[in-house]
Amino acid sequence: ITEFLFAVGAGSQTVGRDEMSNFPEEALNVASIGSTYGDLNAEAILALKPDLVIAAQANTPEQVKALENLGVTVYYLNNPVTFAELFEQVELFGQLTGHEEEASALAESLSARVDAVTAATANLVEKPKVFYEIDGTDASKPWTTGAGTFIDTMIAMAGGVNIGGVLNEPYAQISVEEIVLQNPDFILLGDAAYGVTAELVAARPGWGDLTAVKNGAIVPFDDNLASRPGPRLVDGLEEMLKILRPELVK
């Protein structure tokens with residue numbers, strides 16, 4: 001939400017953020033109300049005297065109700081699940097903040113960039129298999145993303161096939177046996193920020209014969225570009241295209 005606000009030109013109107021909202025850099029100058037897990041720091045929020053609080057899907061109904069009971073106007077926003085919904089939300093943030101023109105221009109620009117990626121991959125016949133690692137703390141069954149998630153959609157749009165698509169949950173653990181069976185061509189490390197490296201992955205028991213390991217196709221990936229439902233998802237899509245199909249990048 002913070003990234004949406006700054007992207008449409010409403011950064012100067014933003015009086016508060018949660019501690020995880022750290023992009024763009026200017027957002028760090030905005031007062032933090034701390035964590036949004038558990039009880040909200042209602043006192044800190046009220047002290048900022050906001051005209052509007054925008055709540056994310058990560059916020060609980062109880063948190064929203066608690067703020068409303070204090071007389072705060074709250075707009076609750078579900079996460080977008082398609083790029084079309086993402087563009088609609090860009091326009092929405094423009095309407096909420098009085099930046100309709102900036103938001104419309106941004107939505108148009110983002111849409112054109114996504115169209116360029118889909119056009120580049122439209123006629124692909126052979127598609128590489130991709131394993132996106134969210135959390136490899138347990139290397140025998142790391143966490144990944146299943147079908148229907150934004151990461152799954154991005155992989156497909158960038159010309160790949162998500163091996164996590166066989167799972168029954170949007171986010172779940174996948175066994176190393178299943179990974180070996182599907183034998184991904186690329187491994188994207190969404191957990192690279194937590195110290196996971198290509199060398200550590202290659203050294204895992206049972207992983208050495210994977211095509212991605214043999215070909216050195218284990219790539220750190222900025223998970224913020226895939227897991228934060230904001231404007232930078234388009235950056236993430238373009239980054240995936242560069243990794244999976246560099247020959248298609250103009």
Side-chain angles (χ1 to χ4, degrees), residues 1-111 113-114 134 149-151 153-154 170-171 190 193-194 222-237:
I1 285 174
T2 302
E3 293 184 24
F4 270 122
L5 290 168
F6 276 83
V8 302
S12 62
Q13 296 161 244
T14 305
V15 297
R17 63 178 177 91
D18 72 294
E19 64 182 19
M20 297 297 290
S21 296
N22 55 10
F23 186 90
E25 188 174 344
E26 296 86 345
L28 297 176
N29 297 323
V30 176
S32 171
I33 58 95
S35 174
T36 54
Y37 294 99
D39 293 334
L40 295 175
N41 189 339
E43 184 177 342
I45 295 172
L46 290 174
L48 296 170
K49 299 180 179 179
D51 299 303
L52 175 68
V53 169
I54 304 178
Q57 192 168 318
N59 299 125
T60 66
E62 291 77 16
Q63 289 175 325
V64 173
K65 184 64 176 175
L67 288 177
E68 290 178 334
N69 288 342
L70 293 172
V72 177
T73 301
V74 182
Y75 191 100
Y76 181 83
L77 194 69
N78 284 315
N79 293 339
V81 294
T82 65
F83 277 104
E85 288 185 10
L86 175 71
F87 307 146
E88 290 174 1
Q89 289 195 357
V90 170
E91 300 266 16
L92 173 64
F93 273 88
Q95 296 164 9
L96 290 173
T97 62
H99 291 270
E100 289 91 343
E101 289 187 12
E102 296 99 316
S104 181
L106 176 61
E108 186 175 333
S109 171
L110 294 175
S111 179
R113 289 165 59 191
V114 170
I134 295 174
T149 64
F150 226 117
I151 296 173
T153 297
M154 291 166 66
Y171 298 98
Y194 302 102
D222 184 355
D223 190 62
N224 291 317
L225 306 183
S227 63
R228 292 192 180 195
R232 286 196 292 165
L233 287 173
V234 178
D235 296 346
L237 176 63

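Quick note: numbers below take in every heavy atom, side chains included, and nothing from hydrogens, waters or symmetry partners.
Put simply, the side chain of T97 gets close to the backbone of F93: a donor and an acceptor are under 3.5 Å apart. The closest donor-acceptor contact from the side chain of Q89 to the backbone of N78 lies under 3.5 Å. Remark: side-chain polar atoms of R17 are paired, donor with acceptor, to backbone N or O of A27 under 3.5 angstrom. Side-chain atoms of Q63 come within 3.5 Å of backbone N or O of T60 as a donor-acceptor pair.
The shortest side-chain heavy-atom distance between T153 and T82 does not fall under the 4.5 Å cut-off. Using a 4.5 Å cut-off on side-chain heavy atoms (C-beta onward), F23 and N224 make no contact. Within the 4.5 Å cutoff, the side chain of V8 has heavy atoms near those of the V90 side chain. Between D222 and D235 there is no side-chain heavy-atom pair separated by less than 4.5 Å. Considering only heavy atoms from C-beta on, V15 stays 4.5 Å or farther from K49 through its side chain. Taking 4.5 Å as the limit, every side-chain heavy atom of M20 sits out of range of all side-chain heavy atoms of T2. Within the 4.5 Å cutoff, the side chain of V114 has no heavy atoms near those of the L86 side chain.
Contacts of F83 classified as ring-ring contact (aromatic ring centres under 6.0 Å, His included), with partners at least two apart in sequence or in another chain: F150. Among residues two or more places apart in sequence or in another chain, the side-chain contact (heavy atoms from CB on, under 4.5 Å) test is passed with S227 by D223. Scanning for salt bridge (charged side-chain N to carboxylate O under 4.0 Å, His left out) contacts around E102 gives an empty result, with sequence neighbours left out.
For the atom pair CD (E3) and CZ (R232), the distance works out to 4.0 Å, reported to the nearest 0.5 Å. Rounded to the nearest 0.5 Å, atoms CD1 (I134) and OG1 (T149) are 7.5 Å apart. Summarising the geometry, atom CG belonging to L5 is positioned 8.5 Å from atom CD belonging to Q13; distances are rounded to the nearest 0.5 Å. Put simply, CG on L70 and CD1 on I45 are 9.0 Å apart, with the number rounded to the nearest 0.5 Å. Distance check: L40 CG to L46 CG gives 10.5 Å after rounding to the nearest 0.5 Å. Here the OG-CD distance, from S12 to E26, works out to 11.5 Å after rounding to the nearest 0.5 Å.
Enclosure of atom CG in N69 by more than 12 non-hydrogen atoms of other residues, nucleotides or ligands within 6.0 angstrom is indicated. Within a 6.0 Å sphere centred on OH of Y76, other residues, nucleotides and ligands contribute more than 12 heavy atoms. The environment of E108 atom CD is sparse: at most 12 non-hydrogen atoms of other residues, nucleotides or ligands sit within 6.0 angstrom. Within 6.0 Å of the CD atom in E68, the count of heavy atoms belonging to other residues, nucleotides or ligands exceeds 12. The number of heavy-atom neighbours closer than 6.0 Å to CG of N22, taken from other residues, nucleotides and ligands shown, is above 12.
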V30 and F6: CA distance, side-chain angles, deciding distance, side chain to side chain contact (heavy atoms under 4.5 Å, CB included) verdict: CA-CA 11 Å; V30 176; F6 276 83; 3.9 Å; yes
Walk me through it: do N59 and V74 pass the test side chain to side chain contact (heavy atoms under 4.5 Å, CB included)? CA-CA 11 Å; N59 299 125; V74 182; over 6 Å; no
Candidate pair I54 and F4, rule side chain to side chain contact (heavy atoms under 4.5 Å, CB included), full reasoning: CA-CA 11 Å; I54 304 178; F4 270 122; over 6 Å; no
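Nearest heavy atom pair, residue M154 against residue L225, reads CE-O, 3.5 Å. Here the closest heavy-atom approach between residue L48 and residue G16 is recorded as CD1-CA, 3.7 Å. Across every non-hydrogen atom of S32 and D18, the tightest pair is OG-C, 3.9 Å.
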